[in-house]
Amino acid sequence: MRSSWADAVANAETSAAAASASPNNVAPVAVGPSRGGRAAYVPPHLRNRPPSVESPALPLADGPSGARQPPASGALPAGGNRWGGGPIRDVARPGFGGGRGGGGGWHSRREQEANPFANDDETTEEVFDSQENSGINFDAYEDIPVETSGDNVPPPVNTFAEIDLGDALNENIRRCKYVKPTPVQRYAIPISLMGRDLMACAQTGSGKTAAFCFPIISGIMRGPPAQRQRGSRTAYPHALILSPTRELSIQIHEEARKFAYQTGVRVVVAYGGAPINQQLRDLERGVDILVATPGRLVDLLERARVSLQHIGYLALDEADRMLDMGFEPQIRRIVEQMDMPPCGQRQTMLFSATFPKEIQRLASDFLYNYIFLAVGRVGSSTDLIVQRVEFVLDSDKRSHLMDLLHAQRDSGAHGKQALTLVFVETKRGADSLEHWLCTNGFPATTIHGDRTQQEREQALRSFKSGATPILVATDVAARGLDIPHVAHVINFDLPNDIDDYVHRIGRTGRAGKTGLATAFFNESNSSLARSLSELMQEANQEVPQWLSRFAATRSYGGGGGGRNRRSGGARFGGRDFRREPSSKGGGGDYYGGGSSGYGGGSYGASSGYGGGYGSSGVTSAWD
DNA sequence: AAAAAAT
């Protein structure tokens with residue numbers, strides 16, 4: 001895995017971090033099953049340990065405010081968990097190392113588990129290093145604005161050492177070169193380890209996947225081994241991670257495999273467009289965490305090759321996308337109409353950068369007494385992403401694009417093209433632009449839903465490697481994809497929804513690097529003018545006068561704000577809709593950048609809130 | 001109106 005922007009920070013702060021990891025600041029640990037009549041609850045970090053090692057200073061969440069029912073599979077059989085203190089123990093668990101002794105009747109998977117870190121560090125890091133490294137904004141790191149709300153929000157942790165994730169997971173954290181938790185991890189992991197449901201706004205580029213994977217993996221390790229019915233071809237995963245695109249599912253799977261390496265926790269990915277047979281075989285070999293796109297999962301459920309009965313953890317990545325009009329019925333079907341344990345008996349975590357109020361309302365159906373968390377990005381987008389808007393007629397777009405690419409090539413190191421991601425509106429438009437670029441001397445490829453899955457994955461590989469440094473994409477590539485070294489995002493066609501714009505430009509300026517986002521704007525985008533200019537203002541970007549005039553004359557009032565009125569969605573990751581006055585959401589939330597207007601929120605890095613974020617004191621929490 | 005997601 002590519003190291004995150006936090007690494008550099010962490011390297012500089014390792015000693016301080018270590019010093020602050022005092023036993024008095026132990027992270028909250030998982031809430032135990034609060035069933036009556038069972039054995040007394042033993043906190044997970046005390047299991048399989050010599051007694052009296054630690055004494056948590058923080059009270060365990062309990063009662064109606066914090067506790068939830070245990071996962072459906074939550075019964076703890078004696079000696080059955082994978083929570084080894086030292087090197088991985090052999091446990092009597094089919095599919096895990098214990099099989100070698102014959103106990104599980106299964107081959108040893110430990111020896112077979114491919115090293116997911118094998119391809120790391122032989123990537124393009126060196127090739128690109130000369131072009132960037134403008135430096136990480138260390139001050140901004142301390143200034144991340146954070147909002148939490150909900151009952152009994154646990155305090156954030158400052159180091160991984162404060163969290164008892166177990167040796168195997170800690171070793172993987174080391175292999176990933178994570179030294180210090182990113183802001184979203186600092187807040188989300190304790191919440192998640194408490195067993196609480198969570199709605200989180202945070203950027204993928206700074207460790208969002210790890211934020212939900214670590215607690216899931218650690219929880220599964222503490223839990224019972226999967227019981228497999230002999231002869232049954234149905235898989236019973238303990239955790240389900242859903243994402244809106246195949247490539248994002250692939251990416252999450254790759255990351256999760258690293259986190260789960262040698263923990264005995266098995267991660268399988270299932271998505272459409274690829275032969276189902278391999279996926280079925282993977283499932284048969286055993287699965288603890290299933291990463292999937294909705295369509296293929298429904299297929300697997302209908303074939304009864306997967307059951308959700310044992311799901312203890314449900315994570316929706318890009319959750320607002322998953323619950324928008326196109327996806328909602330499918331998601332409801334999976335979450336509410338199959339055999340998944342109901343809300344409250346599983347732990348549900350929703351992640352996205354943008355969380356429109358209407359979507360929050362829908363999402364609350366899936367959540368039980370959840371905590372809302374919004375974590376701003378590292379520094380303002382001012383520091384990391386320079387946003388430009390240019391007025392370009394449709395007929396001039398190609399030649400204008402050519403100018404940009406030439407300029408970029410001329411200024412780039414070694415005369416090479418820096419990675420440029422070009423967003424267009426339609427699949428046909430993508431094909432046609434790709435062809436035109438190629439014929440004009442700019443090696444390009446394209447990714448969109450009309451291409452075969454093979455072509456899509458090949459395009460992404462070819463782009464990432466720099467073989468075709470220009471990728472023309474539809475919105476399939478707008479969300480979540482972590483493509484290192486994207487120097488420039490060009491909105492050749494602007495999206496209709498400002499949230500999509502936020503996600504698109506979030507493909508650059510990642511991992512603490514700077515990025516450039518250029519948008520081609522003309523009359524056909526007038527409905528976006530107002531929200532775009534507001535977004536740019538909030539991000540302390542220079543707003544061209546003509547755009548301000550557009551914003552003022554068009555799409556003002558008229559009640560037509562519709563999707564473009566961000567309704568608390570984009571900037572600073574939105575706000576907990578439970579705190580909003582129960583109106584339909586007037587535009588008032590737009591300008592109340594400070595902490596006024598809603599009480600009780602806790603700003604984790606309060607001193608920095610607003611500092612460096614422009615006068616409005618807000619910023620966006622990108623994906 | 002478009003894109004995505006099962007075959």
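Atom set for the values below is all heavy atoms of this structure, side chains included, hydrogens, waters and symmetry mates excluded. All values derive from a computational prediction rather than experimental measurement.
The phosphate of B:dA3 has neither OP1 nor OP2 within less than 4.0 Å of any side-chain N or O from A:R479. Look at A:T293 and you'll find a side-chain N or O under 4.0 angstrom from OP1 or OP2 of B:dA6. Side-chain N/O atoms of A:T474 include none lying less than 4.0 angstrom from OP1 or OP2 on B:dA2. A close approach under 4.0 Å does occur between a side-chain nitrogen or oxygen of A:R246 and OP1 or OP2 of B:dA5. Considering only side-chain N and O atoms, A:R456 lies nowhere under 4.0 angstrom from the phosphate OP1 or OP2 of B:dA3.
Among the heavy atoms of the strands lying under 4.0 Å from A:G326 is at least one base atom, whether or not backbone atoms are also near. Counting non-hydrogen atoms under 4.0 angstrom, A:D299 reaches a base of the nucleic acid.
For A:A319, the side-chain contact (heavy atoms from CB on, under 4.5 Å) partners at least two apart in sequence or on another chain are A:L316, A:L350, A:F355. Evaluation of the side-chain hydrogen bond (donor to acceptor under 3.5 Å, both in side chains) rule for A:T245 yields no partner, not counting sequence neighbours.
Between A:K427 and A:A274, the residue anchored closer to the 5' end of DNA chain B is A:K427, taking for each the nucleotide with the nearest heavy atom.
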Derivation of the side chain to side chain donor-acceptor pair (under 3.5 Å) call for A:T420 and A:Q408:
CA-CA 9 Å; A:T420 302; A:Q408 201 174 282; 2.5 Å; yes
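Look at CD1 on A:I331: it is 10 Å from P on B:dA6, rounded to the nearest Å. The nearest whole Å value for the distance from the CG atom in A:D450 to the P atom in B:dA5 is 11 Å. B:dA6 atom C1' lies 12 Å from atom CD of A:Q453, rounded to whole Å. What separates CG of A:D324 from C1' of B:dA2 is a distance of 12 Å, to the nearest Å. As rounded to whole Å, 9 Å separates atom P of B:dA3 from atom NE2 of A:H448. In this structure, A:L297 places its CG atom 12 Å from C1' of B:dA5, rounding to the nearest Å. Going from atom CG of A:D493 over to atom C1' of B:dA1 covers 13 Å, rounded to whole Å. If you measure from atom CG of A:D500 to atom P of B:dA3, you get 13 Å, rounded to the nearest angstrom.
Remark: A:R321 does not engage A:D499 in a salt bridge, criterion side-chain N to carboxylate O under 4.0 Å.
Taking the six-membered ring for Trp, A:F259 and A:F214 have ring centres closer than 6.0 Å.
Residue A:N496 places no side-chain atom within donor-acceptor reach of the base of B:dA2, judged by atom type and a 3.5 Å distance cut-off alone.
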